[in-house]
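None of the values given here were measured: they were computed from a predicted structure. A note on names: the letters A, B, ... follow the listed sequences, proteins ahead of strands, and every chain is numbered from 1.
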Protein chains: 2
Amino acid sequence: MDRQRTDKNGETSAQGRPTLKTLAFMTGLGVTTVSRALKDAPEIGAETRRRVQLVAKQIGYRPNRAGVRLRTGRTNVISLVLNTDREIMSFVSDIIYGVSEVLAETPYHLIVTPYSRSQDPMEPIRYLVETGSADGVIISRTQPNDPRARYMLEHGMPFATHGRTDMGLVHPYHDFDNHVFAMEAVRRLASMGRHKLALLSPPPGLTYYGHTLNGFADALSEVGASEIPFNTVSIDHTIEQIRTRTAQVMRRENRPDGFVSSAAAATLAIVAGIEDAGLKLGRDVDVVSKQSSDLLHLFRPELLVVNENFRLAGSDLARSVLGWIGGAAPGSLQRLVATSEVRAFSPPVSV
Amino acid sequence: MDRQRTDKNGETSAQGRPTLKTLAFMTGLGVTTVSRALKDAPEIGAETRRRVQLVAKQIGYRPNRAGVRLRTGRTNVISLVLNTDREIMSFVSDIIYGVSEVLAETPYHLIVTPYSRSQDPMEPIRYLVETGSADGVIISRTQPNDPRARYMLEHGMPFATHGRTDMGLVHPYHDFDNHVFAMEAVRRLASMGRHKLALLSPPPGLTYYGHTLNGFADALSEVGASEIPFNTVSIDHTIEQIRTRTAQVMRRENRPDGFVSSAAAATLAIVAGIEDAGLKLGRDVDVVSKQSSDLLHLFRPELLVVNENFRLAGSDLARSVLGWIGGAAPGSLQRLVATSEVRAFSPPVSV
DNA sequence: TCAATATACTGAAACGTTACAGATTGCCAT
DNA sequence: ATGGCAATCTGTAACGTTTCAGTATATTGA
């Protein structure tokens, strides 16, 4: 009764997307020829090529991803591997936006592969490599000796890291120069007469923890300032933990007169702790903080800030992975972004 | 010279993941039997079924996604469609985390499909539907008459919206009750003696703009307060725009003594504007704001807050889409979350 | 003129999966 | 014995793509 599609796609095929077979039928060519014509293969006549491409555009042909993937193993997917409970908020969306921005111009899709606190960070990586679910991977929370990077290198999976490793292995990365950040922060505080400084560091274990610590220490000795230990908390701790810890240290006799903070949210907690102790920002103590969006100056104009652009990081990481997939040398896809200068609040123009 | 793989997978297959063929060879069964055994088909003997599943687990068999997708059309992908330049930061990451949390327990992958200001919001939707790149879609920035929802409904693509529509069409959604939020906010301000209120609304066009406005208006008349127009800005405007606009209105003779703000970042700008005008929060004016993380009280303890849980929204939306894909009635997958009460700052326990 | 060669195209096979339409076996009722 | 039937299992084809190994046809060199 039902005489829908008489031949195997091509002629009638009332519904469904066009395939190579459809194009082959329409142009009167073979499927093989169409396939090659679409990718500008040299052994296809110039006119045929143009004709095929024209028809393809006309009817809106899009290669079937599953077909390509099954045949070639290429997935046209980049995976962003994220810790679902530790990553700081704005951080993540900015990176995603940056990555998306780059991938939008390509056939690549972005998949987000999460892992939670309870899991081994290696698990998602192993999954991606073993199942071949992505052509490239972006990871963050990079460690000096990062088993994920080593594993992917061993298994030939292109990737890029947010932050450097320190294993003598070469791979693409994007990193913010936290050494310089910490140095500039200390110098600035010193120039304001602050010489007893505390550092709210990144979580120990991550590569940029070391960079930050070293920069902090180097600048301390350079300007002749001293450190007030504040290493029982890091920016991975909760707002409450940082706040109470700050209040404690500010109530001590030998309290810091300056803070360097590696994250904006943590800075809110530091300031709250300072004020809990009855002290005043700008008078008793100054704070230099990194931030990823311009909100800290709204919070307290006395804060000193350094901006880190995560959206840039995202697009950079995406470009690096694509570059590696495309055959570029991984060593040529490394970027260390310079720290912008420490900024004080400048009041809005029209008041 | 090179005698790597003697037969077509199965026996030797030195490298590569196991496939159904591998399993078939190992168990001595046919590929078809193995396939059915793995999905608990009734026409497979109980013992065979157990045996196949055991071997599959042993060698870590994972179905090839491309194979399944090509054959069945099922992609095992959920797409989250995001505006890349308008969405507020923390918002997005929380939703992604919530979605991930749910999808992690399933074979589904999460792909992020971006669109930017310059593009038609319909474009990514059309792409997803036409190319069949996802089994389900999650959208935000929902409008009362939302062409995306209508289109997906027409084309049989399961989806869930963050926020409701108002077209008489039934589909899954997750929404925060912004009507109640606005009412409670106004009531709270009124109870503090604030009777000249301004509303920083969501962007006009989105459904919850209307909900918020109505709630605001309803409560105004209930408590006998009046509105100070503040509708030249919305939470989609920049921090600077909101700030200067707030400062302007606060300098007028008939200035508001209370604000209701639909977003935390915008609230920072409102407070800054208030202070630019030389006025003081808690004395001259009070502000009730929504927030998605507990940061506003650090900013100014005088602020009154209502929490909206975007992570919950994400997991709820994911569950809804999966439910629809799984055959549940879309009408049964709608959730309106109650507004939690307006909270004032309560100082930390140990000081 | 004939073979050699380049040019432009093509069919068949394969990637891994599932659906369809059998095939084989044993068992029971007749 | 024979047909019928349920219980298990199996081969083939197809999804859309690319690659391999060709096949025609025209062009060249001697």
Are any of A/Lys21's side-chain N or O atoms less than 4.0 Å away from OP1 or OP2 of D/dC15? yes

Side chain proximity check, B/Met26 to B/Tyr61, heavy atoms < 4.5 angstrom: no

Quick one: which of C/dT18, D/dC9, C/dT10 gets closest to the side chain of A/Leu29? C/dT10

Students often get this wrong, so: under 4.0 angstrom with heavy atoms, is A/Gly30 touching a base, only sugar-phosphate, or nothing? sugar-phosphate

Ranking C/dC9, D/dT17, C/dT18 by distance to the side chain of A/Val31, first place goes to D/dT17

Tell me which of B/Ala46 and B/Thr72 sits closer to the 5' end of DNA chain D, going by the nucleotide each one is nearest to. B/Ala46

Any donor-acceptor pair, under 3.5 Å, between the side chain of A/Thr32 and the base of D/dT19, if you only look at N and O atoms? yes

Assess the side chains of B/Thr113 and B/Ser79: does a donor N or O sit below 3.5 Å from an acceptor N or O? yes

C/dT10 P sits how many Å from A/Leu23 CG, rounded? 13 Å

Write down the distance between CZ (B/Arg65) and P (C/dC15), rounded to a whole number of angstrom. 21 Å

Smallest heavy-atom separation, A/Leu317 atom then A/His162 atom, equals CD1-CB, 3.8 Å

D/dT10 phosphate, OP1 or OP2, under 4.0 Å from B/Thr33 side-chain N/O: yes

Report which part of the nucleic acid B/Ile44 touches: base, sugar-phosphate, or nothing (heavy-atom distance under 4.0 Å, all strands). sugar-phosphate

Measure from CG on B/Asn64 to P on C/dA14 and round the result to the nearest Å. 17 Å

Whole Å only: how far is the CD atom of B/Glu43 from the P atom of D/dA7? 11 Å

Please give, in whole Å, the distance from C/dT17 P to B/Arg62 CZ? 13 Å

From CG of B/Leu20 across to P of D/dC9 the rounded distance in Å is 16 Å

From the candidates D/dT17, C/dC9, C/dG16, the one with an atom nearest any side-chain atom of A/Thr48 is C/dC9

Flag side-chain contact, heavy atom, 4.5 Å: A/Thr161 against A/Arg148: no

The answer to which of B/Arg71 and B/Arg36 contacts DNA chain D further toward the 5' end, by nearest nucleotide, is B/Arg36

Could you check how far NZ of B/Lys39 sits from P of C/dA19, rounded to whole Å? 7 Å

Could you state the atom-to-atom distance from CZ of B/Arg49 to C1' of D/dA7 in whole Å? 12 Å

Tell me which nucleotide among D/dC9, D/dG16, C/dT17 gets nearest to the side chain of B/Pro63. C/dT17

Hydrogens and angles aside, do B/Ser320 and B/His174 bring a side-chain donor and acceptor to less than 3.5 Å of each other? no

